[in-house]
Protein chains: 2
Amino acid sequence: MIKLMKKRLTRQESRAQTREKLLEAAAKIIARHGLAGTSIEDIAETAGFSRGAFHANFKSKDELFLTLVEKQMKATIFEIDELHAVTDSVEEKLQNLRTVYPRYTGSDRDTFLLITEAQMYALRNPRFGKKLRALFSTIYDDLIQSVERLQEQMGCKDPVYAKQLVLIGFGLSHGLILHNLMDPERYPDSMVSDSMRLVFDKIFSLEEMSLGIH
Amino acid sequence: MIKLMKKRLTRQESRAQTREKLLEAAAKIIARHGLAGTSIEDIAETAGFSRGAFHANFKSKDELFLTLVEKQMKATIFEIDELHAVTDSVEEKLQNLRTVYPRYTGSDRDTFLLITEAQMYALRNPRFGKKLRALFSTIYDDLIQSVERLQEQMGCKDPVYAKQLVLIGFGLSHGLILHNLMDPERYPDSMVSDSMRLVFDKIFSLEEMSLGIH
DNA sequence: ACACTCAGATACGTTACTGCATCTGAGTGT
DNA sequence: ACACTCAGATGCAGTAACGTATCTGAGTGT
């Protein structure tokens, strides 16, 4: 867009830029064709480079993929933190809590596919699995703390339960979005958000009523 | 095992047997390495044959994969139907309903991986997506009917809600199992079943209390 | 402005997969 | 038992992908 100012880039800038373009292209293509179904050449070509550029920036496809997933997750963490900072009232926090999950699970189709692809890959490669688990833990622990704080504010506290609550949130969100993408006519967006709301309202009414006994 | 009786097979039998072995091998390997990460040669070799055997039995990897998924789903449908037939009391039906989802979503690791792989593939190939959607519909409609009958028995009926309920069941189950496989220490089996129970109890208590108004 | 350096392109050799064509031997009909 | 057929093995050629090595030209130091 603002291509007119693209004069005279320093070497570092240039390198960083192609790296970025490669990552961007990879995100798109891997989401569409899967990791194994994507060749290095595909990525490089889509980014507008040759394979040489790829090898100059990444050791292997795996390395690029890990970088990519990390970047994506960090971005999500940032988004979530930002959202959390704004909240004030209990109702708002509850509201946000419901919307946070889908945001992480993948706000758009490509993000969802990418993250799920990463999870599938993790289930097959123990080494990658370990790294991905660490990344997820960051997000989850963050959210668990939020939930605990919220519970405290609501007058009940049970860490085990908070953990389980977050699991339900993420699990449900993931499953619902998958169904939505698989069959949007049968499971429209509205049905997904309704289901999310339904479960959360019920779970939290349990909170209020029985003080977190599960 | 009972290899001693493996004398004199008729041609049809022999063919069917290798076909079966190929499918079996494919299920294992595709679960472990993904569809794109599995070569025809891998499948044939694992089954104890050469590539020739593969091509004599299947046109392409895609055809084999579809056959495989169909077979898996049909087996699941059978299992579920069987389970349904046994039920008598409302409590038992409710109980079963909770256990049905994980069974379909993938009782063992490989089954889960295979089905999820199929879903990922479906999201990328419209043609395959259509077929998979049809397969899923069979299971889902079946279950929706069961839920409706159960609701009727419990004195409330709302078809939209039944559909949503099934969506929640399958979605949650899928997400929970994924988390369990990704990080069994953090999300042990017990936590998965507890979460499943928690949500279902709450949802169905809603049923009882508000007669299905959502 | 001149030599230097490094990001990225091009060229090459190697490996792996696929589909097709051909071959072989075990089941089959007479 | 003899000729036949077809399941499955083997051989071959074409393609796609990878990693490495070498080349080129645009940023950089003096």
Side-chain angles (χ1 to χ4, degrees), chain A residues 3-26 28-30 32-68 117 121 124-125 127-128, chain B residues 3-26 28-68 117 121 124-125 128:
Chain A
K3 221 171 196 173
L4 299 173
M5 342 177 28
K6 204 195 75 176
K7 292 267 177 192
R8 294 270 132 188
L9 284 173
T10 180
R11 268 192 186 162
Q12 280 188 336
E13 289 172 333
S14 173
R15 195 178 208 278
Q17 191 178 298
T18 63
R19 216 182 131 88
E20 209 52 39
K21 280 185 186 171
L22 283 169
L23 284 169
E24 221 172 292
K28 204 177 291 181
I29 302 201
I30 292 176
R32 278 197 233 297
H33 306 313
L35 184 62
T38 304
S39 73
I40 290 178
E41 190 155 20
D42 286 339
I43 298 171
E45 200 182 341
T46 304
F49 297 96
S50 67
R51 282 181 302 119
F54 183 97
H55 285 293
N57 280 285
F58 301 96
K59 254 208 312 269
S60 62
K61 204 165 65 174
D62 276 26
E63 195 200 294
L64 167 127
F65 188 57
L66 184 62
T67 311
L68 185 59
E117 183 71 21
Y121 188 62
R124 287 163 187 150
N125 296 58
R127 191 160 305 176
F128 184 78
Chain B
K3 220 170 196 172
L4 300 171
M5 339 178 31
K6 206 196 73 176
K7 292 268 179 190
R8 294 270 132 188
L9 283 174
T10 180
R11 268 195 185 159
Q12 280 189 334
E13 288 172 334
S14 173
R15 195 178 209 277
Q17 191 177 299
T18 63
R19 214 182 133 88
E20 208 53 37
K21 279 185 187 171
L22 283 170
L23 283 169
E24 222 172 290
K28 205 176 292 182
I29 303 202
I30 291 176
R32 279 198 231 298
H33 304 313
L35 184 63
T38 303
S39 72
I40 290 178
E41 192 156 20
D42 286 338
I43 298 172
E45 199 182 342
T46 304
F49 298 96
S50 67
R51 284 179 299 118
F54 183 97
H55 285 293
N57 281 284
F58 302 96
K59 254 207 313 268
S60 63
K61 204 165 65 173
D62 277 24
E63 195 200 295
L64 167 127
F65 189 57
L66 183 63
T67 310
L68 185 59
E117 183 71 22
Y121 189 62
R124 288 164 186 149
N125 296 57
F128 184 78

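Treat the numbers as computed from the prediction; the structure is a model and nothing was measured. Each chain gets a letter, A, B and so on, in the order the sequences are listed, and its residues count up from 1.
A/Lys28 is not listed as a side-chain neighbour of A/Glu24, based on a closest heavy-atom distance of 4.5 Å or more. A/Leu64 has its side chain within reach of A/Ile30: a pair of non-hydrogen atoms, C-beta onward, lies under 4.5 Å apart. Here the side chains of A/Tyr121 and A/Phe65 are in contact, with some heavy-atom distance below 4.5 Å. Using a 4.5 Å cut-off on side-chain heavy atoms (C-beta onward), B/Phe58 and B/Ile40 make no contact. Taking 4.5 Å as the limit, every side-chain heavy atom of A/Phe49 sits out of range of all side-chain heavy atoms of A/Ile43.
Base pairing annotation: D/dG19 forms a Watson-Crick or G-U wobble pair with C/dC12, both donor-acceptor distances under 3.5 Å. For D/dT30, the paired nucleotide is C/dA1, the pair qualifying as Watson-Crick or G-U wobble because both relevant distances are below 3.5 Å. Across every strand in view, C/dC6 sits in a pair with D/dG25 that passes the Watson-Crick or G-U test at under 3.5 angstrom.
When each of A/Thr38 and B/Gly48 is assigned the nucleotide of DNA chain D with its nearest heavy atom, B/Gly48 is the one assigned upstream, toward the 5' end.
Of the candidate nucleotides D/dC18, D/dG8, C/dA26, C/dA26 has the atom nearest to the side chain of B/Arg11. Distances were taken from every side-chain heavy atom of B/Ser39 (C-beta onward) to each of C/dT18, C/dA9, D/dG8; the shortest belongs to C/dT18.
Rounded to a whole Å, the CG atom of A/Leu22 is 12 Å from the C1' atom of C/dA7. For the pair A/Glu41 CD and C/dA9 P, the computed distance is 12 Å after rounding to whole Å. The nearest whole Å value for the distance from the CZ atom in A/Phe58 to the P atom in D/dC18 is 15 Å. Rounded to an integer number of Å, the gap from B/Gln17 CD to D/dG8 C1' is 14 Å. For the pair A/Gln12 CD and C/dA7 P, the computed distance is 10 Å after rounding to whole Å. To the nearest angstrom, C1' of C/dC17 lies 16 Å from CG of B/Leu64. The separation between A/Lys21 atom NZ and C/dA9 atom P is 11 Å, rounded to whole Å. Residue B/Leu35 contributes atom CG, which lies 14 Å from atom C1' of C/dC17 at whole-angstrom precision.
A sub-4.0 Å separation between OP1 or OP2 of D/dT28 and a side-chain N or O of A/Thr10 is present. A close approach under 4.0 Å does occur between a side-chain nitrogen or oxygen of B/Ser14 and OP1 or OP2 of D/dG8. For D/dG8, the OP1/OP2 oxygens have a side-chain nitrogen or oxygen of B/Asn57 closer than 4.0 Å.
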Below 3.5 Å is the cut-off: list the nitrogen or oxygen pairs between protein and nucleotides 19-21 of chain D, distance only.
| from | atom 1 | to | atom 2 | distance (Å) |
| --- | --- | --- | --- | --- |
| D/dG19 | OP2 | A/His55 | NE2 | 3.4 |
| D/dG19 | N7 | A/Arg51 | NH1 | 3.4 |
| D/dG19 | O6 | A/Arg51 | NH1 | 3.0 |
| D/dG19 | O6 | A/Arg51 | NH2 | 3.2 |

For a salt bridge (Lys or Arg N to Asp or Glu O under 4.0 Å) check, start with the C-alpha distance between B/Arg124 and A/Glu117, then their side-chain angles and the critical distance, and finish with the verdict.
CA-CA 12 Å; B/Arg124 288 164 186 149; A/Glu117 183 71 21; 2.9 Å; yes
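The list of side-chain hydrogen bond (donor to acceptor under 3.5 Å, both in side chains) pairs with a residue in residues 46-57 of chain B, not counting sequence neighbours, reads B/Arg15-B/Asn57.
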